[in-house]
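First the structure, in the form of structure tokens, and then the observations on it.
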2 protein chains.
Amino acid sequence: MPSATEQKIIDVAVRLFASQGYDATSVQEIVKAAEVTKGALYHYFRSKDDLLFEIYRLLITAQSADMDRIIGLGLSAAETVREILASLVISTAERVDETAVFVRELHRLGEDRMTDFRAERRRYHETFLAVVEKGQADGEFSSVVPADTVVRIALGVVNQLPMWFRPDGQKTPAQLAGEIADFVLAGLR
Amino acid sequence: MPSATEQKIIDVAVRLFASQGYDATSVQEIVKAAEVTKGALYHYFRSKDDLLFEIYRLLITAQSADMDRIIGLGLSAAETVREILASLVISTAERVDETAVFVRELHRLGEDRMTDFRAERRRYHETFLAVVEKGQADGEFSSVVPADTVVRIALGVVNQLPMWFRPDGQKTPAQLAGEIADFVLAGLR
DNA sequence: GCCACCCTACCGACCGGTCGGTATGCCCAC
DNA sequence: GTGGGCATACCGACCGGTCGGTAGGGTGGC
């Protein structure tokens, strides 16, 4: 349970990192915008990198939990794919800044954290892959395009979302989620 | 026609920017790795930003030329989409570093250059969009998913390519290009 | 009831080091 | 001899991080 000060620092950091990039944002800038002092920031975070990692952690945790929940529903392959994609698109659209930072600054993770991250992403990827492969094996999906390429395409789209999705645009996240899921499922028939 | 020194600086900069990020790469590092001096770098480039922008310019110019060439062939909508995607995937796979830098550091462009860039990307986007819309109007493609979403998905996949494509992986760029084009076209039927 | 003690939360001046960029001049091809 | 193509020495700004200190609330001994 983060304190109000800690939460404020994270919120401001996400916004600044998203709009200017991690390196281009100084710690001074963050504390000024968050109306706290450097002492406060370094009281809660061991380093600037730690702050960045905390942003990642919150995002990854939420996404993994979401996927596990959907898998647990025991739906058909098509319904599972639709649910996973839709929920991923919606949660990403609601957190464009976090996702933008995440995608852009991923390479900054240190050795250890990168290893942890890869393991978690691999798990995520393979869970999704298994759903698609099962759908293909059962004849519910076409096998023309290999399952791994399909998964790469589907997840890639979501990562690119921050590049063009605008919260004040014409389409709601839910609409968009429907369209993207429709398209991917159409490609699987 | 760039001199050998200039080309060397660009090549090295692309490699370093791709692996460490723009801000995390110092000018010192670039000149050392390129075996030139700071004087040489600042002789050819007005600033570090200029160097980055030159990388963008080379990439965008090549992509736009490619698309114009394909449009000029006068193929059917499906064939045009296939050609555009395939050639984009292949050229991106051959230039993963440039693309990685491009996608990751886009936000660093200054006001003016950002405006220019948006205009060029818009042109690119709309050219592709027009092909899809024509295909839908002619009944060659399904209209279930709006054309703009399809274009966003297709181009998004390409931008994400550097995240997972490995030149030494199992699939050749041409194979991958085929699979991606297949999938997008399947989604359009 | 109160005081000594401590602990968490926070402050902000300051530090060593690095950064992008510049000023100046050599040198060789033409 | 002169100008393009560099080399070298150097600058001031700014960066992430530190550190001695403080404010204020809880708490146990008496």
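Residue numbers begin at 1 in each chain, while the letters A, B, ... track the order of the sequences.
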Distance check needed: C/dT22 C1' versus B/Gln28 CD, whole Å only. 13 Å
A/Glu133 (side chain) donor-acceptor with A/Ala147 (main chain) under 3.5 angstrom: no
Measure from NZ or CZ of A/Arg108 to the centre of the six-membered ring of A/Tyr22 and say whether it is under 6.0 Å with the direction within 45° of the ring axis. no
Enumerate all atom pairs, one protein N or O and one N or O from nucleotides 8-11 of chain C, separated by less than 3.5 Å.
{"unit_1": "C/dA9", "atom_1": "OP2", "unit_2": "A/His43", "atom_2": "NE2", "d": "3.2"}
{"unit_1": "C/dC10", "atom_1": "OP1", "unit_2": "A/Thr5", "atom_2": "OG1", "d": "3.1"}
{"unit_1": "C/dC10", "atom_1": "OP2", "unit_2": "A/Tyr44", "atom_2": "OH", "d": "2.2"}
{"unit_1": "C/dC11", "atom_1": "OP2", "unit_2": "A/Thr37", "atom_2": "N", "d": "3.3"}
{"unit_1": "C/dC11", "atom_1": "OP2", "unit_2": "A/Thr37", "atom_2": "OG1", "d": "2.5"}
{"unit_1": "C/dC11", "atom_1": "O5'", "unit_2": "A/Thr37", "atom_2": "OG1", "d": "3.2"}

For the pair made of CG in A/Asp49 and C1' in D/dC15, what is the distance, rounded to whole Å? 14 Å
A/Lys48 has an atom NZ; how far is it from atom P of D/dC15, in whole Å? 9 Å
In whole Å, what is the span from the NZ atom of B/Lys32 to the C1' atom of C/dT18? 15 Å
Can you see whether B/Lys134 engages B/Thr80 through a side-chain donor-acceptor pair at a distance of less than 3.5 angstrom? no
Regarding B/Ser76 and B/Glu79, do their side chains bring together a donor and an acceptor under 3.5 Å, going by distance alone? yes
Please report the distance, rounded to the nearest Å, between CG in B/Leu52 and C1' in C/dG20. 14 Å
Spacing between B/Arg108 atom CZ and C/dG20 atom C1', to the nearest angstrom: 12 Å
Rounding to a whole Å, what distance do you find between A/Tyr42:OH and D/dC19:C1'? 13 Å
Spacing of B/Leu41 atom CG relative to D/dG5 atom C1', expressed in whole Å: 13 Å
Centroid-centroid distance, B/Phe117 to B/Phe53, less than 6.0 Å: no
Side chain to side chain contact (heavy atoms under 4.5 Å, CB included) test vs A/Ser64 passes for just one of A/Arg121, A/Glu120, A/Arg69, namely A/Glu120
